There are 2 protein chains.
Amino acid sequence: MVQIPKPPAPESLAPRSVPTSADVARLAGVSRATVSYVLNNTSAVRISEPTRRRVHQAARELGYVPHAAARSLRAGHSRTVLMPAPSFPVGPLYSRFIGELQWALGRLDYTVVQYGTVGRHDDEAARCWAELRPVAVLVPGSGLGPRGVDVLKRSGARAVVTLGPEAVEGAHALLMDHETVGHAAARHLYDRGRRRIGVVVPAENGLELFSAPRLTGARRAVRDTDATVTELPLAYEERGAARLAARWGSLGLDAVFAYNDEYAMLLMRALQDEGLGIPGDAAVIGADDLMLGRLLRPRLSTVHLEMPSGRDLAALVDRAVHDPGAAPERHTVLGAAVVHRESS
Amino acid sequence: MVQIPKPPAPESLAPRSVPTSADVARLAGVSRATVSYVLNNTSAVRISEPTRRRVHQAARELGYVPHAAARSLRAGHSRTVLMPAPSFPVGPLYSRFIGELQWALGRLDYTVVQYGTVGRHDDEAARCWAELRPVAVLVPGSGLGPRGVDVLKRSGARAVVTLGPEAVEGAHALLMDHETVGHAAARHLYDRGRRRIGVVVPAENGLELFSAPRLTGARRAVRDTDATVTELPLAYEERGAARLAARWGSLGLDAVFAYNDEYAMLLMRALQDEGLGIPGDAAVIGADDLMLGRLLRPRLSTVHLEMPSGRDLAALVDRAVHDPGAAPERHTVLGAAVVHRESS
DNA sequence: TTGAAAGCGCTACCAT
DNA sequence: ATGGTAGCGCTTTCAA
């Protein structure tokens with residue numbers, strides 16, 4: 001075979017090109033196959049100890065690092081689990097969940113990759129993700145439709161799991177039913193004798209995913225009763241809260257479910273600054289059961305959320321990867337339990 | 001050339017194998033080259049309109065998605081910017097920073113990938129990252145040493161940027177000097193006449209990266225004065241705070257820098273519950289300038305942090321990628337400015 | 001305007 | 001025990 005001479009590599013200019021397994025093989029005086037066997041500890045083949053050492057030595061010397069793309073291209077699959085990076089301001093609950101999940105998937109030898117998609121949606125985003133050929137895709141929120149799921153599956157994803165308000169055709173679903181949260185909150189206020197209930201809806205973008213169902217749940221809780229639910233748009237800043245507090249009297253409300261503990265703190269402070277008594281003039285309940293609720297005076301009632309356990313979700317992913325044909329699982333997670341303190 | 005017949009593909013069993021550009025070519029009745037030209041809008045070559053349509057049609061029909069690994073293998077480079085996923089509980093400041101950065105890098109046509117490394121450190125982590133052959137690596141914290149940087153560069157990373165307390169040989173550095181934060185806080189307390197200053201150090205894991213320099217900075221601020229700095233370990237939970245507050249008198253302190261606003265809130269509440277007056281009996285200052293500080297009574301003094309702008313960092317990355325040979329840049333970011341409110 | 005083919009780095013099969 | 005080599009999916013040069 002004729003070796004076509006490469007153009008003289010500008011070794012002096014280029015920052016020493018990246019070493020490949022062929023370079024390791026050359027330096028160790030063995031074949032690329034042997035290098036692969038040694039570095040992957042292939043058990044089907046036995047390599048003599050001296051050879052192993054030579055290979056390892058050469059690899060270290062060159063600073064050789066295998067090329068993941070080449071490897072998974074050859075293998076025909078990867079162990080990458082892909083999640084879109086969250087585009088909304090994430091709270092402590094969610095960060096902890098992500099952390100746990102990464103740890104648990106890591107234990108199962110998967111690699112979690114959070115992919116920053118800059119505002120593409122559904123199909124378009126799904127196609128971006130599919131290009132990476134992940135073995136599984138975890139999608140929080142509702143940025144994915146049935147067509148997106150289809151794109152991912154056709155591209156080889158063996159499991160697609162959504163974490164959100166509703167299930168998507170073809171994908172496993174962890175149903176995080178935020179309606180329950182609003183329902184529990186409003187129900188609690190009703191049970192404590194309140195009849196004119198305000199529900200804070202954050203003005204911030206990206207939160208309607210959670211706030212809308214919470215509002216809906218609250219409405220549902222008082223349907224067919226004499227109580228009313230009033231939507232209260234509120235941005236997370238002091239002035240807006242002060243304005244809302246100033247017209248509190250004219251709203252004629254006696255209670256408020258404040259979306260979550262942070263908005264509750266914001267609103268409660270504004271109400272107190274207006275001279276209103278909590279819970280006398282207005283009962284307040286938050287959600288998420290953050291530490292700060294316990295530190296407020298009066299102590300903030302809240303809805304405690306049970307996030308899905310990272311371990312369980314990791315197990316679900318692993319199951320789905322092993323048996324991609326299985327019927328999609330549906331799990332309702334996010335248990336909502338009212339924690340009654342002093343503000344309601 | 002002899003076509004070796006493939007074994008009969010079990011099309012009925014397998015979940016219809018993933019379509020490749022060859023499949024598209026076959027369906028469209030053209031060559032793979034043509035498919036590539038069409039789908040990449042290659043300008044160097046002109047493809048007739050009817051052919052283009054046929055190719056697009058075929059691609060859509062098959063649900064074809066290009067294989068990123070194969071593409072970047074062939075291209076010899078990627079536009080992936082890799083960051084390790086944070087392993088500590090991230091606050092709103094950091095999330096916003098990440099979000100901005102992703103957006104800004106997206107605008108420059110980079111793809112941000114947060115890679116979940118489960119507690120591997122330095123070299124080992126660096127090798128994992130290097131396997132992905134990212135064009136640039138952004139490392140927050142101090143999980144990377146000079147050898148790690150070297151591994152990354154040898155594997156083809158054209159830019160390595162650290163965000164942390166100190167610069168690393170060979171890498172660009174965004175110096176987030178948390179000492180300044182502690183210094184500003186302690187200096188402020190000193191200027192307001194306080195002489196026995198406590199500094200809260202969170203017991204939580206992963207935070208010492210920030211807390212240690214903040215403490216050091218506080219010590220430095222009162223060196224060569226008559227003031228003292230006392231380290232106050234504190235876990236983020238009520239009981240610990242109550243215990244600390246209970247022995248407050250015996251500590252003989254008149255002020256405290258509480259690591260950040262959240263710990264400040266925790267401690268302030270405990271002190272108030274002990275009947276201590278703020279700032280009378282104890283001046284309190286936090287850091288991070290979170291919303292909650294403004295909502296406390298008395299309003300919380302704090303140290304406002306100016307995080308690096310996502311756009312600037314994206315620009316730095318882009319510059320470094322274009323000119324990998326350039327000398328590492330050092331930038332001190334994280335301006336610290338005391339915001340004096342009522343608690344100090 | 002289109003096609004044939006080489007080759008990116010790697011692993012696994014089949015020889016030796 | 002080790003080596004030769006095909007081929008994963010893609011792009012791109014060269015030839016037609």
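Chain letters run A, B, ... following the sequence lines, proteins first and then strands; every chain starts at 1. A quick note: this is a predicted structure, and the numbers were derived from the prediction, not measured.
For the side-chain contact (heavy atoms from CB on, under 4.5 Å) criterion with B:Val149, the lone passing option out of B:Val139, B:Leu144, B:Val137 is B:Leu144.
Of the candidates D:dG9, C:dT11, D:dT11, C:dT11 carries the atom nearest the A:Ser36 side chain, counting heavy atoms from C-beta on.
In this structure, A:Tyr64 places its OH atom 7 Å from C1' of C:dG9, rounding to the nearest Å. Between B:Leu73 atom CG and C:dA6 atom P there is a gap of 17 Å when expressed in whole angstrom units. The distance between atom CZ of A:Arg71 and atom C1' of D:dG7, rounded to the nearest whole Å, is 17 Å. In this structure, B:Arg53 atom CZ and C:dT2 atom P are separated by 13 Å, rounded to whole Å. In this structure, the NE2 atom of A:His67 is 18 Å from the P atom of C:dG7, given to the nearest Å. The CZ atom of A:Arg26 sits 13 Å away from the C1' atom of C:dG9 (whole-angstrom rounding).
Enclosure of atom CZ in A:Arg79 by more than 12 non-hydrogen atoms of other residues, nucleotides or ligands within 6.0 angstrom is indicated. Residue A:Arg330 places its CZ atom among more than 12 non-hydrogen atoms of other residues, nucleotides or ligands, all under 6.0 Å distant.
With hydrogens and angles ignored, the 3.5 Å screen pairs no side-chain donor or acceptor of A:Arg133 with any backbone N or O of B:Ala68. The backbone N or O of B:Val135 lies less than 3.5 Å from no partner atom in the side chain of B:Arg158, so there is not a single donor-acceptor pair. Judged purely by atom type and a 3.5 angstrom limit, B:Thr42 has no side-chain atom pairing as donor or acceptor with the backbone of B:Ala44.
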Base-pair map of DNA chain D as dot-bracket, where | denotes pairing with a different strand and pairs are Watson-Crick or G-U under 3.5 Å:
||||||||||||||||
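Between B:Arg26 and B:Asp23 there is a salt bridge, since a side-chain N of the basic residue sits under 4.0 Å from a carboxylate O of the acidic one. Ion pairing of A:Arg127 with A:Glu131 is absent here, as no side-chain N (NZ or NE/NH1/NH2) approaches a carboxylate O to less than 4.0 Å.
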Using a cut-off of 4.0 Å between protein heavy atoms and nucleotide atoms, how would you tag nucleotides 1-6 of chain D 5' to 3' with B, S and -?
SBBB-B
